[in-house]
Amino acid sequence: MSLSLFWRAASWKAPQACRQVSTYVTKMRYLFELKEDDDVCRKAQSSGMFYLFHSLAPLLQMSGNRYLAPPFRASELERLLSKFGQDAQMIEHSVLIGCSDQREAWFALDLGLGNLCSSGCLQKSEMETELQGSFIELRKALFQLNEKDISLIFTAQALLRWHDCHQFCGKSGHPTQKNVAGSKRVCPSSKMIYYPQMSPVVITLVSDGTRCLLARQSSFPKGMYSALAGFCDVGETLEEAVRREVAEEVGLEVDSLQYSASQHWPFPNNSLMMACHATVGPGQTEIHVNSQELESAGWFSLEEVATALRRKGSPSSEQDGALPFWLPPKVAIAHQLIWEWVQKQSSSSNLA
Ligand SMILES: NC(=O)C1=CN([C@@H]2O[C@H](COP(=O)(O)OP(=O)(O)OC[C@H]3O[C@@H](n4cnc5c(N)ncnc54)[C@H](OP(=O)(O)O)[C@@H]3O)[C@@H](O)[C@H]2O)C=CC1
Ligand SMILES: [Mg+2]
């Protein structure tokens, strides 16, 4: 999947060619069947491909300056499990994460989660040697992940984490059982059905018409500024969450807002990021930073932001020792919001 498809943009339109649409529909119907029918899904496992994780860290191989996530056939996985003294039944703990246009199902399996290992967890370093790759923490690998793999790895990690944390029913306290695809868990005692959860988060780039507002938390990498973000409260609409977060974090009242796109974000725990542009009225631009939430916030000009956007990666110190501010990388939806704002401002200043 290309990065342009990675964003679920508001401007998305159905492909024109009939054949493409029917391939998509066929694929979605097949995935639905895999989630609903355990026998079909079990069969798909035997001809499917598996992406491996260890304690939620994906197995990655370096290719040039990019990390690739190598998939393994079921037969190869069984051979590996047997080599490490594990039962092939461990494959039952895998989760469905997608399929190809040719209906080859893709699964993810975590070899390091404690509850999966009856005879002690597989040794990470031995596995890495055998698999000719490394299990790398997602946050560390994020900026070098192959674009094609990002969405798949995000989904896989989210599902694996959710299953690991939802082993027991919140009502009866009994163990829950996952369906083969891993799209839900059921408590045989209370009959409660649990579905994977995610948290809705709004991310907003505020503009006063000529400048945009960027902020940083103390936990951000040094020098990085981003758009304002915050978790939605229960009962809120997206619009209410944007207005509240902007008011809470920088003390400004949003005048208007426009939805841009959304993104699944794995940190800290399966968020659905919904990105918006917002404006504040003229004369309503005095920032009051909420220091419990932010380290600093400020207005930045088009030139400053466009220059920062052109910079690749996190900058090293400038010659005079000062660190110029920098922006989130392309993989983060904040980057897309900032890029869109720069495009819009540039075209309107060209027209003026
Ligand atoms: N992809 C992208 O481009 C970007 C993504 N983000 C993501 O957006 C998310 C939200 O931004 P952030 O500014 O931190 O959010 P908030 O401004 O909402 O502040 C975070 C605090 O909200 C509380 N909180 C409320 N609900 C939840 C929940 N469901 N899960 C976790 N914490 C919750 C926690 O407080 P307490 O601990 O006191 O309970 C947490 O410390 C971050 O996780 C960040 O990774 C941010 C910027 C860019
Ligand atoms: Mg915030």
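Each residue takes its place number in the sequence, starting with 1. What you see is a predicted model; the values in this text were computed from it and never measured. Read the numbers this way: they start at 1 and go in the same order the structure lists the ligands and their atoms.
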Worksheet item: Going by atom types only, do T204 and E245 share a side-chain donor-acceptor pair under 3.5 Å?
Response: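 Their side chains do not contain a donor-acceptor pair, so the 3.5 Å distance test is not met.
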
Discussion item. Quick check: closest heavy atoms across L96 and L31, and the distance to 0.1 Å?
Written reply: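 Of all heavy-atom pairs spanning L96 and L31, the closest is CD2-CD2, 4.0 Å.
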
Worksheet item: Do you know the tightest heavy-atom contact between T285 and W299?
Response: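 In terms of heavy atoms, the two residues are closest at O-NE1, 2.8 Å.
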
Using the ring of each side chain (for Trp, its six-membered ring), is [X] parallel, tilted or perpendicular to [Y], with breaks at 30° and 60°?
| X | Y | value |
| --- | --- | --- |
| F135 | H54 | tilted |
| W162 | H166 | parallel |
| F107 | F50 | parallel |

Worksheet entry | E126/K83 ion pair, N-O < 4.0 Å |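 The answer is no: the pair does not qualify as a salt bridge.
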
Worksheet item: Does the pair E137/K140 count as a salt bridge with the N-to-O cut at 4.0 Å?
Response: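 Here E137 pairs with K140 in a salt bridge, since their nearest N and O are under 4.0 Å apart.
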
Worksheet item: So which protein N/O/S atoms does the Mg ion (ligand 2) have within less than 2.8 Å?
Response: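 Protein N, O or S atoms closer than 2.8 Å to the Mg ion (ligand 2): A229 O, E249 OE2.
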
Practice prompt. Mind running salt bridge (Lys or Arg N to Asp or Glu O under 4.0 Å) on D164 and R161 for me, showing each step along the way?
Written response: CA-CA 5 Å; D164 189 41; R161 184 195 284 119; over 6 Å; no

Item to complete: Report all protein residues having a heavy-atom distance below 4.0 Å to some atom of ligand 1; order the list by chain, then number.
Response: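 These residues qualify: S199, V201, I203, Q217, S226, A229, G230, F231, E245, E249, Q263, W265, F267, P268, M273, E293, A332, I333, A334.
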
